[in-house]
There are 2 protein chains.
Amino acid sequence: MEDVARLAGVSLKSVSRVVNREPHVSDTLRAKVEAAIAALAFVPDAAARSLAGSRTFIVGLLFDNPSPNYTIKIQSGVYRACVEQQYHLRIDNIASDLPRAEVEAQLDAIVRNSRCDGFILTPPLTDNVQVLAFLERRGVRYARIAPNSELGRSPCVAIDDAAAGALVARHLWALGHRRLGVVTGPPLHRAGDRRRTGFLAAIRQFDPDLVVAEADGLFSFESGIAAGMDLLARDPRPTAIFATNDDSAAGVMVACARAGLRVPHDISLCGFDDSWVAKSVWPYLTTIYQPIEEMGYAAASLLLDRGETGDRQVMLDFHLVERDSLAPPP
Amino acid sequence: MEDVARLAGVSLKSVSRVVNREPHVSDTLRAKVEAAIAALAFVPDAAARSLAGSRTFIVGLLFDNPSPNYTIKIQSGVYRACVEQQYHLRIDNIASDLPRAEVEAQLDAIVRNSRCDGFILTPPLTDNVQVLAFLERRGVRYARIAPNSELGRSPCVAIDDAAAGALVARHLWALGHRRLGVVTGPPLHRAGDRRRTGFLAAIRQFDPDLVVAEADGLFSFESGIAAGMDLLARDPRPTAIFATNDDSAAGVMVACARAGLRVPHDISLCGFDDSWVAKSVWPYLTTIYQPIEEMGYAAASLLLDRGETGDRQVMLDFHLVERDSLAPPP
DNA sequence: AATGAATCAGTCAGCGCTGTCAAGACTGCG
DNA sequence: CGCAGTCTTGACAGCGCTGACTGATTCATT
């Protein structure tokens, strides 16, 4: 930094001001310093910055029970935002299904050791009030991804799961399907439940008396097979099934194959997530795309643009990805 | 640290010595300091340590073109090793298929910005001589995962891909299969090729004249479908197919279904990796398990146990995971 | 025109550790 | 017993940056 200051003919502090985008810096000075920084390819030392200042330039990303596809996308979005803002990314797993004291012990270790400037919480941590309360008590900033309660409590990023469920309902209805099935998610997964209720509410608007068949799923491939077999055994058999995530949709597809039903000729199938599975099954799965990578990016931006104005709640767009698993009823 | 020193009745430097496991510290002093550290739950400040010392306590994990399943497992292994040794983990992606100068620019930015103590290289970076040369020129330590050339050049971790291919060959042969097919990997993926050649060599030992049908794959689901259709159209049709990774095996499974062939009744199928897809298809895929998470852990340990004796090359075990896609020929 | 407020730039201590150097306490050997 | 060599501990500077403060201008207001 000394070299930069000398080359620009200014004091160390002025270089620091420019690097940190502090106010009250004249344009000419800023230009001189920036030129010197570029000329010397100066990169500020993160360790020294965090030692001297109050920030650590680290953001923590907290997962529980990570599903590879989801995790990796969130991570890459958060990473992208961190690089832009010259932050480092630190990833931690915590098991939130333990007794209260143990969860707190894990959090305590992470908060103490990592000294992050803030954390990003992913489901199911994002709705864990115990975790939220702990972080607040410690005065640690955090942003949440896909929360389903107390949205005002912190910056958060989400999609409108209910609207997405309704979109699937409208699409299936428009194709002519009147015998419908839904594969639900795990009981505690609020987002999954909102997809389901959004779907059901939309159908009810079309025909208040129509009964939609439901089967329990756990968002896993195996549970999808079971739920699919369950649904296919109903009388009348559904002509279209909405599985509230892609993994269980892949399972339903297996159940169809075992029942001798061809997708989409004999039965239509819609997933949710547009995860990597959607293109690892045949036919390719029609599904709802949710911008997971973008959610990671938005959450990190929310966390890092501290002073900035703007929404503390960001709603991102979703859309239907039409592939090959939907057709009119036979 | 001052508090610890006061409580233990020693100097700051002595606490530092204990924390860093430096030699020439008496047992009594070490015990006193450790007790004080435990009593105060002291955690050394990474920023200060790296500012004062020569280490940064960060290890960098370099990916190119990440496949989620592989990436996440490597990452979790590396992460585990880092936590144990009080290191931080930093993850970076680099695109290695660009012109030489651009690859160097990316590397330069990463090395300069991150100031990592060392890097871990994953395929295909692990065999990129340009990357290796750059790191060496900069005097940066690195460990490689699953390299296929110049093993002695750096610490590395791998499995014996050829032996794994041979294991599949023996297994298929023992089941009675004599008409065999192989789906290859991308041309530049050396490990994939070693699986193939190991397989072919083992078959040649059983019957030097037997011709194994081969079809090009690219380790992707789609390429697996095409390769499967290709193989199934051969005359005579193979009774067993070895796909050199799980994704392409899942594709072959689709090709079988479209050809009206049931796995494993009509045709047997073996994958490689034991990735997450292996349990997202029906029937579940018999495949070779390779300890990917362990490889990450071992690579990080190799990198961090600097002075330690012991092998600079670690060969990890693999094994066949018998699930439901193999049976005797019809 | 006089006063206070805001803007701009600089000085300097010190963040929490580790590297260097030095001093004291031992050991073994002639 | 004395001396060189080794082991064990401590004092202190300084890593590269930022926060708090100070001083010099310029601007807005009465």
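Chain A is the first sequence line, chain B the second, and so forth, proteins listed ahead of strands; every chain is numbered from 1. It should be emphasised that the depicted structure is a prediction, and the values quoted were computed from it without experimental measurement.
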Among residues at least two apart in sequence or on other chains, which ones pass side chain to side chain contact (heavy atoms under 4.5 Å, CB included) with B/Q86? none

Given atom CD of B/E2 and atom C1' of C/dT18, what is their separation to the nearest angstrom? 15 Å

Most 5' of A/S54 and A/L51 on DNA chain D, judged by nearest nucleotide: A/L51

Assign A/F57 to base, sugar-phosphate, or nothing according to its heavy-atom contacts below 4.0 angstrom with the strands shown. nothing

Hey, are the side chains of B/V111 and B/L135 touching, using non-hydrogen atoms and a 4.5 Å cut-off? yes

Has A/R115 got a side-chain atom pairing as donor or acceptor with A/R112's backbone, closer than 3.5 angstrom? yes

Nearest 0.5 Å, what's the CD-CG distance between A/E2 and A/L12? 6.0 Å

Under the ring pair (Phe, Tyr, Trp, His ring centres under 6.0 Å) test, which residues partner B/Y289, sequence neighbours left out? B/H319

Under the salt bridge (charged side-chain N to carboxylate O under 4.0 Å, His left out) test, residues paired with B/D108 that sit two or more places apart: B/R138

A/R137 atom CZ, over 12 foreign heavy atoms within 6.0 Å: yes

Does anything in residues 11-41 of chain A reach DNA chain D, meaning a heavy atom under 4.0 Å, and if so which residues? A/K13, A/S16, A/N20

Check every nucleotide of DNA chain D for an atom under 4.0 Å from a heavy-atom of chain A, then give the first and the last such nucleotide from 5' to 3'. D/dG16 to D/dA20

What ring pair (Phe, Tyr, Trp, His ring centres under 6.0 Å) pairs are there with at least one residue in residues 30-54 of chain B, not counting sequence neighbours? none

